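Everything numeric in this text was worked out from a predicted model, so none of it was measured. Along the sequence shown, residues carry numbers from 1.
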Amino acid sequence: MSRIKNLVIMQLKSALSYLPAGFAYAAGITCFVLVLCAVWKFCLHRKTGRFFWWRLLVGFFFLAYIYCVLQLTILSREPGNYGDIDWRFLVRWNENDSQKAFLLANIIMFIPFGVLFPMFNKVFAHILVTFPVAVACSICIEALQLKYQLGFCQLDDVVANSVGFLIGYLIFLMLRDVYLFGVMLWRWVERDGRLY
């Protein structure tokens, strides 16, 4: 079990090595969005939305995350002879520790997707909207790996990514409930002027 843990940690370190470049990429796009919003607000005399700064912050982290995922799964890989689609379910789990680590890393990789993506908008906060988007993104990654021979195209990866998304979504729900409870408590304190 410790070997699997070490392999997963090694893969996470590899993914985190792309984070500085991801932040730079996200900062560039965020600055571009800020310029567009300045034009929108000052030249066209339009108001930005109520949650503009929150969405901008979430978008910054989401862009950095997407950059890391694309680097890890597609952009940093060399083409090779990987074969066709593997439709078998959880076969890799019984192969060796390295395959178990890859499966666990695929779960961990999509947890931030489940936390960050629903924070953009009330529409994206609904599971029936976000879950199909997450599954579609996972399928797109696998399809690109298959088309350009950049990795094994496996059903297990899509399932693992989906499980990771669901874990992230549960974390998002918990964070949202804590936030809503805090807002409710703050309003109650403001109204009554006391906690008891």
Open item on the list: Could you measure the distance from the CZ atom of Phe61 to the CG atom of Leu56? Nearest 0.5 Å is fine.
Closed with: 11.0 Å

Open item on the list: Main chain of Gln99, side chain of Asn96: is a donor-acceptor contact present, judged purely on distance under 3.5 Å?
Closed with: yes

Open item on the list: Over 60° means perpendicular and under 30° means parallel, so tell me whether Phe117 and Phe62 are parallel, tilted or perpendicular.
Closed with: tilted

TODO: Return yes when atom CZ of Phe120 has more than 12 non-hydrogen atoms of other residues, nucleotides or ligands closer than 6.0 Å, and no otherwise.
DONE: yes

Open item on the list: Show the nearest heavy-atom pair for residues Trp54 and Met119, with the distance to one decimal.
Closed with: NE1-O, 3.6 Å

Open item on the list: Quick one: does any side-chain atom of Glu142 pair with a main-chain N or O of Gln154 as donor and acceptor, under 3.5 Å?
Closed with: yes

Task: Between CD1 on residue Ile139 and CG on residue Asp157, distance to nearest 0.5 Å - done: 12.0 Å

Task: Parallel, tilted or perpendicular: rings of Phe110 and Phe113 (30°, 60°) - done: parallel

TODO: Could you tell me which non-hydrogen atom of Ser14 sits nearest to which non-hydrogen atom of Ser17, and how far apart they are?
DONE: O-OG, 2.5 Å

Open item on the list: Main chain of Asn106, side chain of Asn161: is a donor-acceptor contact present, judged purely on distance under 3.5 Å?
Closed with: yes

- [ ] Grab the two heavy atoms, one from Ala105 and one from Gln11, that are nearest each other, plus how far apart they are.
- [x] CB-OE1, 2.8 Å

- [ ] Determine yes or no for a side-chain-to-main-chain donor-acceptor pair under 3.5 angstrom, with Arg55 supplying the side chain and Asn121 the backbone.
- [x] no

- [ ] Taking all non-hydrogen atoms of both residues into account, name the closest pair between Leu103 and Ala160 and its distance.
- [x] O-CB, 3.8 Å

Open item on the list: With heavy-atom distances below 4.5 Å as the criterion, would you say the side chains of Leu170 and Leu166 are in contact?
Closed with: no

Open item on the list: Keeping Thr30 on the side-chain end and Ala26 on the backbone end, is there a donor-acceptor pair under 3.5 Å?
Closed with: yes

Open item on the list: Quick check for you: to the nearest 0.5 Å, what is the distance between Leu150 atom CG and Lys147 atom NZ?
Closed with: 11.0 Å

Open item on the list: Closer than 3.5 angstrom, by distance alone: can the side chain of Tyr169 be matched with the main-chain N or O of Ala125 as a donor-acceptor pair?
Closed with: yes

